[in-house]
Structures are given as structure tokens and as C-alpha cells.
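Here the structure is a predicted model, which is why all the values come from computation and not from measurement.
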Amino acid sequence: MVTLQNKNTDVKIEAGELVGYQVDGHEFIHQKGSPGWSSADTEMFPIIGPVNEAGFRVKTPKGEAVQDQHGHLRQLEYKLEGQTKTSAVFVKQYQSGTEVRNSKFPEKSTEEALTWPYNFRFEKTFLLTDSSLEINFKITGEDGMPFMLGYHPAFKLHTESPVILAKGKRISLDEVLAVGSRALQISDCSSITLKDEKEITIETEGFGNFMCWTEVRNMVCIEPISFYPYAVKQTELHQGFEKLTDTAEFKVVLKPEV
């Protein structure tokens, strides 16, 4: 467990996963083991969304890749590369064509192993400042590699009627619940505020969109994404790819008001 501390703020990171963010004793992050989701945060890379209706195949310029929902990055383990009192750097590296065990097999997937035809290095950095927690992502790899990126944090809810503020609109928890597993799309958006017992704003750079998901009333996932996967058929998911040119960088800033 990596712990970052700064004044009245405590951050807990477990194997690269943000499992705690307390400010003045208030916990903003969904706790593993609580109803709703077995994780607290994760990444969606190199694809976002399900691919079961496409036979777990995704088109790339190097041919079809075998992927499962939200990509194979989450099946790899982070390595801690550096740490200070207020920062930590985690890295995952992948060699093209390497088979990665699929944890969804056989209960939820027909694919025992996942593969991707490109090399990449994925870096996740946490930086705790006096007023925020920054999560930075840096992707390096083969020039022209197609990819999508989504960040999937879950926020703990403390009240019955939290509200999400986005693009001048108020979105209720019931509206998110009503969309179900597809997740509520919020396009062309770089900042969202979750108003609960305490307030937290999620600001982003590089993503451009969000989607919101939950199936319970005690947590909600507010997810920065580069592409909303349900905008196309699963067989056309490749339409949402960006192309890597040496390096791609993305940022998420969590700004609490307590």
C-alpha cells in the first residue's frame, strides 16, 4: 500500500489503484467490498466498451486483436517506479503479441487469453497538491498505434439525492441508474462536479467526454473517456480509435470543496 499525505489529505493507492482519498476525514472514493463494484478505480485501454457481440475481436491496422470489455491493460500488473511523500509513479509495459490471461474467462468470456499487436508503455502518476489530486497518464509506444483511453474511478455517495453538474445541467442519480449498463453519455465535456455531502469536481485534459455509471445508490462512477463506445456497433468500435504519435498524455484532476 502506498500512502500520500499533504496537510489534511490522505491518499491510499493499492497496486496502482486509487482506493482512498480522504480530505478532512471525508472519504470520496468508493470502498472495495461495498455494494456496487469490486474495484475503486481502473483504466480502459486500448479499447473502451464491450466486444462480446463482435466475437471479442477488434479491427486494427495490423489485423484483428483479441480483446475483452474495456481492454487488456487492466489484466496487467502495475509496477511502482517512484514515490515521494506526495507523489507516486506506476508503470505497465506490454510486448506486442504477448498473451495475457483474461480474468473474465470462462464465466463471462469465451476468450482465455487476450492479445494486442503493438508494444506500449503505460504510465500512471499520482500527485497530491494543496488543493487537489492529479492523476496523469502517459502512453508511449509504436507510432500509429490505435487506442482509446478511459479512466474509471468510483465515488462513494453519502446522501440519498446526490447531483451531477455538467454543461449547465443537473443530472440526478436516478437518471444515471435509468441508463443501466450502457452508462450515461456526457459528450464534449472536460469538467463535472459531483454534489453530495461534500462536493468534488473532476477536471480533465485530453479526454473530451465523460460517461456515468452505477447500479446502486451508494456509489457512482464518473468516467473521463476519449470515445463513447455505444455510439457505434461493436463490430465498428475501431471508428473510435485515436492514433499514437510517439507519446500521448492525459490528465484528471480531482478538486474537493470541503
Side-chain angles (χ1 to χ4, degrees), residues 15-17 37-79 90-124 137-154 180-183 185 206-211 213 221 223-245 247-250 252:
E17 180 180 10
W37 190 36
S38 60
S39 299
D41 94 341
T42 190
E43 288 75 54
M44 299 174 278
F45 181 90
I47 67 165
I48 304 172
V51 284
N52 57 300
E53 294 176 5
F56 300 96
R57 299 304 192 268
V58 182
K59 296 176 184 177
T60 82
K62 288 190 175 183
E64 289 188 332
V66 182
Q67 291 286 291
D68 211 319
Q69 181 163 329
H70 299 327
H72 73 293
L73 181 77
R74 58 181 56 192
Q75 307 292 343
L76 306 175
E77 292 185 5
Y78 272 116
K79 291 184 179 180
F90 294 86
V91 171
K92 293 182 179 184
Q93 292 199 211
Y94 178 77
Q95 181 70 36
S96 65
T98 303
E99 291 192 346
V100 176
R101 180 184 173 274
N102 184 11
S103 62
K104 291 179 176 289
F105 176 85
E107 288 82 7
K108 297 180 179 180
S109 177
T110 60
E111 301 303 315
E112 185 173 1
L114 308 177
T115 60
W116 186 245
Y118 298 86
N119 302 319
F120 65 78
R121 182 180 191 273
F122 190 95
E123 182 178 296
K124 181 181 185 181
F137 302 100
K138 183 178 181 180
I139 303 162
T140 53
E142 294 183 43
D143 195 53
M145 181 185 79
F147 74 95
M148 306 169 200
L149 176 63
Y151 178 47
H152 194 308
S181 61
R182 288 176 63 90
Q185 178 185 17
F207 291 93
N209 310 277
F210 283 90
M211 61 184 184
W213 169 83
C221 296
E223 310 165 34
I225 52 174
S226 63
F227 178 72
Y228 181 67
Y230 303 101
V232 297
K233 295 180 180 180
Q234 291 186 16
T235 53
E236 301 298 316
L237 193 63
H238 60 279
Q239 292 183 19
F241 278 137
E242 298 183 18
K243 288 185 178 181
L244 185 67
T245 52
T247 301
E249 298 189 32
F250 298 78
V252 177

Within-4.5 Å side-chain heavy-atom neighbours: Val100 and Tyr94: yes

Within this structure, what is the OG1-CD1 distance for the pair Thr60 and Ile47, rounded to the nearest 0.5 Å? 11.5 Å

Under 3.5 Å, is there a donor-acceptor pair between the Asn102 and Glu112 side chains? no

Would you find a donor on one side and an acceptor on the other, under 3.5 Å apart, between the side chain of Gln234 and the backbone of Asn52? yes

When you compare the side chain of Phe137 with that of Val252, does any pair of heavy atoms fall below 4.5 Å? yes

Is any side-chain heavy atom of Glu111 closer than 4.5 Å to a side-chain heavy atom of Phe105? no

Donor-acceptor under 3.5 Å (His70 side chain, Gly49 main chain): yes

Interatomic distance, Phe207 atom CZ to Met148 atom CE [nearest 0.5 angstrom]: 14.0 Å

Flag the pair Pro146 / Lys59 as yes when at least one side-chain heavy-atom distance between them is below 4.5 Å, and no otherwise. no

Taking every non-hydrogen atom, the tightest pair across Gln69 and Val51: N-CG2, 4.3 Å

Tyr78 OH to Glu123 CD distance, which is reported to the nearest 0.5 Å: 10.0 Å

With the side chain counted from C-beta on, respond yes when Gln67 and Pro46 share a heavy-atom pair under 4.5 Å apart, and no when they do not. yes

Does Ala183 offer a backbone N or O that forms a donor-acceptor pair with the side chain of Tyr228 under 3.5 Å? yes

More than 12 heavy atoms of other residues, nucleotides or ligands under 6.0 Å from CD of Glu99: is that the case? no

Is Lys92 reaching over with its side chain to a backbone N or O of Leu73, donor-acceptor style, under 3.5 angstrom? yes

Can you tell if the side chain of Pro224 reaches within under 4.5 Å of the side chain of Pro153, non-hydrogen atoms only? yes

Report the distance from atom CD1 of Ile139 to atom CG of Leu149, rounding to the nearest 0.5 Å. 5.0 Å

How close do Phe250 and Gly206 get, counting heavy atoms only, and between which atoms? CE2-O, 3.2 Å

Kindly compute the distance separating CE (Met44) from CZ (Phe227), expressed to the nearest 0.5 Å. 12.5 Å

For Trp37 and Cys221 the tightest heavy-atom approach is CE3-SG, 4.1 Å

Atom of Asn119, atom of Ser96 and distance for their closest heavy-atom approach: OD1-N, 2.7 Å

Give the C-alpha distance, both sets of side-chain angles, the deciding distance and a yes or no for side-chain contact (heavy atoms from CB on, under 4.5 Å) between Glu223 and Ile48. CA-CA 11 Å; Glu223 310 165 34; Ile48 304 172; over 6 Å; no

Lys62 side chain reached by Tyr118 side chain, heavy atoms, under 4.5 Å: yes

Pair Glu17 + Arg74: basic N to acidic O under 4.0 Å: no

Would you check, one step at a time, whether the test side-chain contact (heavy atoms from CB on, under 4.5 Å) holds for Val58 with Phe241? CA-CA 11 Å; Val58 182; Phe241 278 137; 3.6 Å; yes

Check the orientation of His72 and Trp116. Use parallel for under 30°, tilted for 30 to 60°, and perpendicular for over 60°. tilted

Just by modelled atom types, is the His152 backbone N or O under 3.5 Å from a matching donor or acceptor in the Glu43 side chain? no

Would you name the heavy atoms of Ala248 and Phe147 that are closest together and state the gap between them? CB-CZ, 3.9 Å

Give a yes or no on whether the backbone of Asp68 and the side-chain of Lys104 come within a donor-acceptor separation of less than 3.5 Å. no

Separation between CG of Asp143 and OG1 of Thr247, rounded to the nearest 0.5 Å: 10.0 Å

How about Phe122 and Phe45: are their ring centroids closer than 6.0 Å? yes

